[in-house]
Amino acid sequence: MSDPHHTADHDTHAAPAPSAFKKIANIVVLLGLPLLVVGSLVSYYKAQSGGHVVSDMSEEAVTGRIQKVGMLQLGESTREPKTGEEVYKAQCTTCHAAGLVGAPKFGDAAAWAPRIATGYAALLNSALKGKNNMAAQGGGAFADFEVGRGVVYMANAAGAKFEEPKAPETAAAPAAAASEAK
Ligand code: HEC
C-alpha cells in the first residue's frame, strides 16, 4: 500500500522534474548536436588535411635529407683535386696577379728567382704556413698538395721547373671505402 502511494507521490512530485529535464535535454541536444557535428567535421577536416600535409612534408624532408647526404658524400669522396692553375685562380691571384702587399708578381722572373732558389720545400712551407703579409694557404682551405700545385704553377710561370705534386692515393682510398661501407 505504501508502495503505490509512494510511487504516486513520487510521480506527482517528479512530474515537473522530467519535463524540466526534457527541456534541458532538448536544449542540450539542440545546441550540442550541431556543435558535435561541427566539431567532429572540423576535427575530421583537420585530421584529413593535417595528415596530408604531414605525409607530404615528411616525403620532402626524407628526399631532402637523402639528397643532402648524397651530395655531401659526393663532395667529400669524389671532389676532383684542384690543379695548380685552379688553386692560383681561386686563391692566390688576389695578391700575386698584381703583386699586392709585397707579393712576388705572377710571371715576374726577377721577383721569383731568389725565392725559387730557396727550393720548392721552402716555398711550399711559406705558402702553407704563411709569410709576412700572406696568411696560411693565402687564406684558402685546400689540401696541402693542392697548395703545392699552386706554388709550382706560380714558380714555374716565373722560370722554375718544379714537378707538380700528385694527389695522395692514401688519402682518397679510406674515404672511398668509408662511403662504400655506408
Ligand atoms: C693576401 C695576399 C696573398 C695571397 C692571397 C697569397 N699570397 Fe703568396 N705571398 C704574399 C706575399 C705578400 C708574399 C711575400 C711574402 C714575403 O716574402 O714577405 C707572398 C709570397 C709567396 C711565396 C713565396 C714564399 C717565399 O718563401 O718566398 C709563395 C710560394 C706564395 N706566396 C704562394 C702563394 C700561394 C700558393 C697562394 C695561393 C694559395 C698565395 N701565395 C696567396 C701574399 C699573398
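The structure displayed is predicted, hence computed values, not measured ones. Residues take their numbers from the sequence shown, with the count starting at 1. All ligand and atom numbering here is 1-based and tracks the order in the structure.
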Tell me, which protein residue and heavy-atom name are nearest [atom], and how many Å apart are they?
atom	value
atom 4 (C) of ligand 1	Cys95 SG, 3.3 Å
atom 37 (C) of ligand 1	Cys92 SG, 1.8 Å
atom 12 (C) of ligand 1	Val101 O, 3.2 Å
atom 32 (C) of ligand 1	Met154 CE, 3.4 Å
atom 15 (C) of ligand 1	Lys131 O, 3.7 Å
atom 27 (O) of ligand 1	Arg115 NH1, 2.8 Å

Classify the contact between [X] and ligand 1 as side chain, backbone, both or neither, using a heavy-atom distance cut-off of under 4.0 Å.
X	value
Asn132	side chain
Pro104	side chain
Tyr120	neither

Close side-chain approach of [X] to [Y], heavy-atom, < 4.5 Å:
X	Y	answer
Tyr88	Thr83	no
His96	Gln91	no
Val101	Met134	no
Val152	Glu163	no

Query raised in the report: Between Tyr153 and Phe106, does the ring centroid distance fall short of 6.0 Å?
Result: yes
Compare every heavy atom of [Y] with every heavy atom of [X], then report the nearest pair and how far apart it is.
X	Y	result
Thr94	Leu100	O-CD1, 3.4 Å
Pro81	Arg149	CB-NH1, 3.8 Å
Gly102	Arg115	O-NH2, 4.2 Å

Query raised in the report: Is the distance between atom 8 (Fe) of ligand 1 and the nearest N/O/S atom of Met134 smaller than 2.8 Å?
Result: yes
Requested in this report: May I ask you to check whether His96 brings an N, O or S atom to under 2.8 Å from atom 8 (Fe) of ligand 1?
Outcome: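 Yes.
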Query raised in the report: N/O to N/O below 3.5 Å, does that happen between Ser126 and ligand 1?
Result: yes
In ligand 1, which numbered atoms sit nearer than 4.0 Å to a non-hydrogen atom of [X]?
X	answer
Gln137	38 (C)
Asn133	1 (C), 12 (C)
Gly138	5 (C), 6 (C), 41 (C)

Query raised in the report: Does Trp112 come within less than 4.0 angstrom of ligand 1, counting non-hydrogen atoms of the residue?
Result: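 Yes; Trp112 lies near enough to ligand 1 that a heavy-atom distance drops under 4.0 Å.
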Requested in this report: Give a yes/no verdict on whether any heavy atom in Gly102 is under 4.0 Å from an atom of ligand 1.
Outcome: yes
Report task. Verify, without hydrogens or angle tests, whether Ser126 (side chain) and Ala122 (backbone) share a donor-acceptor contact under 3.5 angstrom. Result -> yes
Query - Test item: Trp112 side-chain N/O and Ala160 main-chain N/O as donor-acceptor pair under 3.5 Å - result: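 No.
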Query raised in the report: Would Met154 and Phe145 show up in the same hydrophobic cluster when neighbours are defined by side-chain heavy atoms closer than 4.5 Å?
Result: no
